[in-house]
Amino acid sequence: MSWLLRSLLGSRLRCIRLHDSGIALCGGRQRQIPFTEMSGPARVSGTGTIVMALADGSELSVSGFKPAEVPSFVKAVNETRRVFMSGLIAQAEPELVALAQARERLDQPRRYPAACLLDPFVKRAQSLFEALPKTAPADLMSEDQLRLFDAVSAFDREPEQLREASIRAFIDAELAEMGEFFDTIESNPLTAEQRLAVVSDEDATLVLAGAGSGKTSVIVAKAAYLIERGIRGPDEILLLAFGKGAAE
């Protein structure tokens, strides 16, 4: 669809044109306004003024049109926006559902949410939100769609905060569930710091500890923990130690 509305105010703004995916202002104030940058429907204000609410919280007002022509133009804008955005959201919904399920697993993680596990979902969300609006168009979405949108947008907006919260939830639950294991795996119960080193399962983890502080106990407990929890099999674990006693 292409709908043209010409301004009466001269060179500052010659016209406003409606396209299938947004609005274009032509003249001295040339600007493209995709529907994904609008947070709500366009409306008529006063006589001959069109007002559009934008996703960044601002409003754009353009005026100088024949008052009789503005209502029909605004109606066409809102209908075109509804068709475009509804199609965009419907196309994205299967991926929103899949990513929302991944988000639910992060809220109650059964495995340590290492960066290598989360990064693929973050990249999928970022790719998805390149086409979707940053702010959910609440006037065009159902409550279920809004919940999906809000859940998944966290992957795009704050992936590190999301992962940190998931790590805390996992560690708290895992330390509580594996308390007896950590009490008995070595001759002495593991300390809080040793337990944290064992359950942390990042892509790479560096543990710094002085002589006689229990590094060997951590290595033994780490291997036993990975096997006990089914995270790794014995043939997937390589242990290297400099000291003979530690190696034995």
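Just so you know, these numbers come straight off a predicted model, no measurement behind them.
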Test item: Leu128 and Asp156 side chains (from C-beta on) under 4.5 Å apart, heavy atoms: no

Residue pair Pro67 / Pro71: nearest heavy atoms and the distance that separates them: O-CD, 3.2 Å

Full working for side-chain contact (heavy atoms from CB on, under 4.5 Å) between Val70 and Ile50: CA-CA 7 Å; Val70 169; Ile50 301 169; 3.7 Å; yes

Partner residues of Phe121 under the ring pair (Phe, Tyr, Trp, His ring centres under 6.0 Å) criterion, sequence neighbours left out: none

Leu175-Leu190 co-clustered via ILVMFWY side chain contacts under 4.5 Å: yes

For Arg157, all residues meeting side-chain hydrogen bond (donor to acceptor under 3.5 Å, both in side chains), sequence neighbours excluded: Ser153

Heavy-atom donor-acceptor pair, Lys215 side chain to Leu208 backbone, under 3.5 Å: no

All N/O donor-acceptor pairs, side-chain side in residues 85-101, below 3.5 Å, sequence neighbours left out:
unit_1 : atom_1 : unit_2 : atom_2 : d
Ser86  : OG     : Arg82  : O      : 2.7
Glu93  : OE1    : Gln145 : NE2    : 3.2
Glu95  : OE1    : Arg124 : NH2    : 3.0
Glu95  : OE2    : Arg124 : NE     : 2.8
Glu95  : OE2    : Arg124 : NH2    : 3.4

Heavy-atom closest contact (Phe149 atom, Pro133 atom, distance): CZ-O, 3.1 Å

Euclidean distance, Glu164 CD relative to Glu158 CD, rounded to 0.5 Å: 10.5 Å

Where Val51 and Ser61 come nearest, the two heavy atoms and their spacing: CG2-OG, 3.6 Å

Trace of the side-chain contact (heavy atoms from CB on, under 4.5 Å) decision for Leu25 with Leu60: CA-CA 11 Å; Leu25 305 180; Leu60 176 66; 4.0 Å; yes

Shared hydrophobic cluster, Met141 / Leu132 (ILVMFWY, side-chain heavy atoms < 4.5 Å): yes

Side-chain heavy-atom pair Gln194, Ile185 within 4.5 angstrom cut-off: no

Check: Ile167 and Glu202 side chains under 4.5 Å, non-hydrogen atoms: yes

For residues 232-248, which side-chain donor-acceptor pairs fall under 3.5 Å, sequence neighbours excluded?
unit_1 : atom_1 : unit_2 : atom_2 : d
Glu236 : OE1    : Gly233 : N      : 2.7

Donor-acceptor side-chain pairing of Asp144 and Ser142 below 3.5 angstrom: no

Nearest atoms (heavy-atom pairs only) where Arg195 meets Gly179: NH1-O, 3.7 Å

Side-chain donor or acceptor of Asp183 paired with backbone N/O of Pro189 under 3.5 Å: no

Non-hydrogen atoms of Thr184 and Glu180 that approach each other most closely: OG1-O, 2.9 Å

Heavy-atom pair with the smallest gap, counting every atom of Ile23 and Phe35: CG1-CE2, 4.4 Å

Non-hydrogen side-chain atoms of Val199 and Tyr225 separated by less than 4.5 Å: yes

Sequence neighbours excluded - side-chain hydrogen bond (donor to acceptor under 3.5 Å, both in side chains) pairs with any residue from residues 35-46: Arg43-Glu59

Single-linkage hydrophobic cluster, 4.5 Å side-chain cutoff, Val207 and Val220 together: no

Working for side-chain contact (heavy atoms from CB on, under 4.5 Å), residues Phe155 and Leu162: CA-CA 7 Å; Phe155 276 128; Leu162 194 64; 3.7 Å; yes

Partners passing ring pair (Phe, Tyr, Trp, His ring centres under 6.0 Å) against Tyr112 (at least two apart in sequence or in another chain): Phe170

Ionic contact status for Asp139 with Arg81, cut-off 4.0 Å: yes

Stepwise side-chain contact (heavy atoms from CB on, under 4.5 Å) check, Thr216 with Glu186: CA-CA 10 Å; Thr216 300; Glu186 285 284 87; 5.6 Å; no

Same apolar cluster: Ile219 and Met178, side chain cutoff 4.5 Å: yes

Chi angles and distances behind the salt bridge (charged side-chain N to carboxylate O under 4.0 Å, His left out) call for Arg168, Asp172: CA-CA 6 Å; Arg168 290 193 296 270; Asp172 290 346; over 6 Å; no

Leu196 backbone acceptor or donor facing Ser200 side chain under 3.5 Å: yes

Separation between CZ of Phe182 and CD of Glu174, rounded to the nearest 0.5 Å: 6.5 Å

Same apolar cluster: Val83 and Met38, side chain cutoff 4.5 Å: no

Heavy-atom side-chain proximity of Asp203 to Cys116 below 4.5 angstrom: yes

